[in-house]
Number of protein chains: 2
Amino acid sequence: MESTEHSGRQQTATERRRRELLEAAERIVLRDGPDASMNAIAAEAGITKPILYRHFGDKGGLYRALAVRHTDALLANLATALDAPVLRRDRVEATLDAYLLAIETRPQVYRFLMHPSDEDHPSESSFDVGRHSAPLLRRLGEELAKVITDRLDLGPGGELTARVWGHGIVGMMHGAGDWWLRERPCSREQLVEQLTDLLWGQLAAVKDRVDGPGF
Amino acid sequence: MESTEHSGRQQTATERRRRELLEAAERIVLRDGPDASMNAIAAEAGITKPILYRHFGDKGGLYRALAVRHTDALLANLATALDAPVLRRDRVEATLDAYLLAIETRPQVYRFLMHPSDEDHPSESSFDVGRHSAPLLRRLGEELAKVITDRLDLGPGGELTARVWGHGIVGMMHGAGDWWLRERPCSREQLVEQLTDLLWGQLAAVKDRVDGPGF
DNA sequence: TTTCAGATGTTACTAGCGGTAACCCGCAGT
DNA sequence: ACTGCGGGTTACCGCTAGTAACATCTGAAA
């Protein structure tokens with residue numbers, strides 16, 4: 001235990017190095033998108049591949065380490081929007097807007113976070129069919145479910161309802177956001193309003209067309 | 001033009017060959033998931049790689065050719081559910097159920113369709129940030145938008161509203177379906193009902209918790 | 001009948017990827 | 001002086017997508 005101070009310093013040193021490597025990796029991922037290779041990242045950091053593998057195990061490890069930072073940041077943003085002491089509808093609007101602002105200002109990061117591509121091969125083996133969506137989406141869904149459970153009185157079986165709604169709303173946000181980012185058919189405010197209208201039951205409220213078969 | 005009959009026969013012959021190759025590819029993709037390699041597919045078809053490349057150009061071409069079949073099939077299913085002459089809410093339920101039934105019965109196909117992984121590199125070059133979601137989702141969103149525009153009276157600016165709602169609903173379906181397929185927290189019928197409730201404005205209608213800060 | 005076109009098929013290769021084994025060096029502590 | 005150990009490198013493996021070059025069969029035109 002005499003080497004506590006020493007190992008402590010080493011600890012901070014390796015942590016610092018790790019952060020430097022992560023920053024280099026981020027630069028490359030931002031530049032090359034999903035084509036970022038370990039060679040390129042190592043070169044950007046001024047070193048060679050094996051060091052990366054010593055620090056992060058494999059490519060999935062590096063990507064995961066890179067992802068948690070932004071995931072945490074985004075989740076924090078959304079949490080504040082979700083916890084604002086305003087009307088429920090304003091809170092929903094603020095949350096949607098926070099998400100869309102995030103993906104608008106840093107689309108490369110967004111793309112990286114949402115694109116699991118391969119990774120996570122080593123962990124939880126055996127073909128679990130259906131797995132595909134990014135961990136970030138799952139976390140978002142669960143987080144939103146918690147808030148819904150806390151805030152709304154859903155009666156018996158409400159926990160299931162909350163989770164379905166959480167993942168459904170997150171999916172809606174993601175799908176609409178992805179489409180919007182690609183086509184930019186309107187302003188962010190407009191998009192937020194339309195989506196909030198949708199969540200507020202406008203789909204059920206608007207009238208049928210008069211000239212069509214009125215079902 | 002004299003060789004019309006000849007080239008016609010050749011046409012059908014190569015088309016048949018192409019279909020055989022696609023069926024072999026499908027078998028392998030269903031077995032190996034996203035790890036399916038061109039070598040494996042060629043071996044399954046009883047041939048070697050270059051023939052695949054002659055037929056489909058590159059791996060993206062093969063995947064695209066493979067995708068359009070299932071995409072068309074799924075779209076046809078959804079279109080019938082969407083066009084059923086029943087109440088609007090029943091139609092929404094039927095559509096959700098059709099989608100979820102499809103991904104439930106053939107999760108590997110679903111996974112393949114939703115996972116662009118790499119592909120489409122050759123076309124529309126230059127980093128178009130934000131692109132990520134599968135073409136299937138885009139088509140679904142647009143298709144749904146068309147139906148909404150046709151059926152609902154959304155007033156001025158209704159076309160934008162329809163597209164936002166279309167992509168938002170498809171995203172909700174996708175997100176919730178993905179989560180449900182992974183965790184199987186309830187039956188399909190329950191999920192459909194909860195999602196329809198969400199779309200029908202229950203999020204706005206339910207009461208706040210009495211014990212919480214009642215916003 | 002010969003000859004030419006075109007499709008089918010092969011072997012053998014390139015370039016690059018993720019990942020690893022083996023080795024080197026400098027610097028702490030005993 | 002010796003020993004361990006963290007940072008670093010070279011050189012490699014097995015794999016992938018993709019390609020060039022060559023062989024073969026078939027059927028139509030000269």
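The basis for the numbers below is simple: all heavy atoms, side chains too, and nothing from hydrogens, waters or symmetry mates. Convention: sequence-line order gives letters A, B, ...; per-chain numbering from 1.
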When the distance from CD of B:Glu15 to P of C:dA7 is rounded to whole Å, what number comes out? 13 Å

Can you measure A:Met38 atom CE to D:dC15 atom P for me and round it to whole angstrom units? 20 Å

Under a 4.0 Å N-O cut-off, is there an ion pair linking B:Arg151 with B:Asp83? yes

Between atom CD in B:Glu20 and atom P in C:dT8, what is the gap in whole Å? 11 Å

Between B:Asp197 and B:Arg89, is there a salt bridge with N-O shorter than 4.0 Å? yes

Hey, does the Lys NZ or Arg CZ of B:Arg138 hover above the aromatic six-ring of A:Trp179, less than 6.0 Å from the centre and inside 45° of the axis? no

In whole angstroms, the gap separating C1' of C:dC17 from NZ of B:Lys59 amounts to 13 Å

Atom-pair distance (CD1 on B:Ile51; P on D:dA20), nearest Å: 17 Å

Quick one: is C:dG9 close enough that its OP1 or OP2 comes under 4.0 Å of any side-chain N or O from B:Arg17? yes

Side chain to side chain donor-acceptor pair (under 3.5 Å) between B:Asn77 and B:Tyr99: does it pass, once the steps are laid out? CA-CA 8 Å; B:Asn77 270 6; B:Tyr99 174 85; over 6 Å; no

Whole-Å distance between D:dT16 C1' and B:Leu62 CG? 15 Å

Take atom CD1 of A:Ile47 and atom C1' of D:dT9, then tell me their distance rounded to the nearest Å. 11 Å

Return no unless some side-chain N or O of A:Thr48 is found under 4.0 Å from OP1 or OP2 of D:dG8. no

Taking the nucleotide of DNA chain D with the closest heavy atom to each, which residue, A:Arg54 or A:Lys49, is nearer the 5' end? A:Arg54

If you check the B:Asp58 side chain, which of C:dT8, D:dG18, D:dG8 turns out closest? D:dG18

Between A:Asn39 and A:Gly57, just flag the one whose closest nucleotide in DNA chain C comes earlier from the 5' side. A:Asn39

How close or far is atom P of C:dA15 from atom CG of A:Asp35, stated in whole angstroms? 19 Å

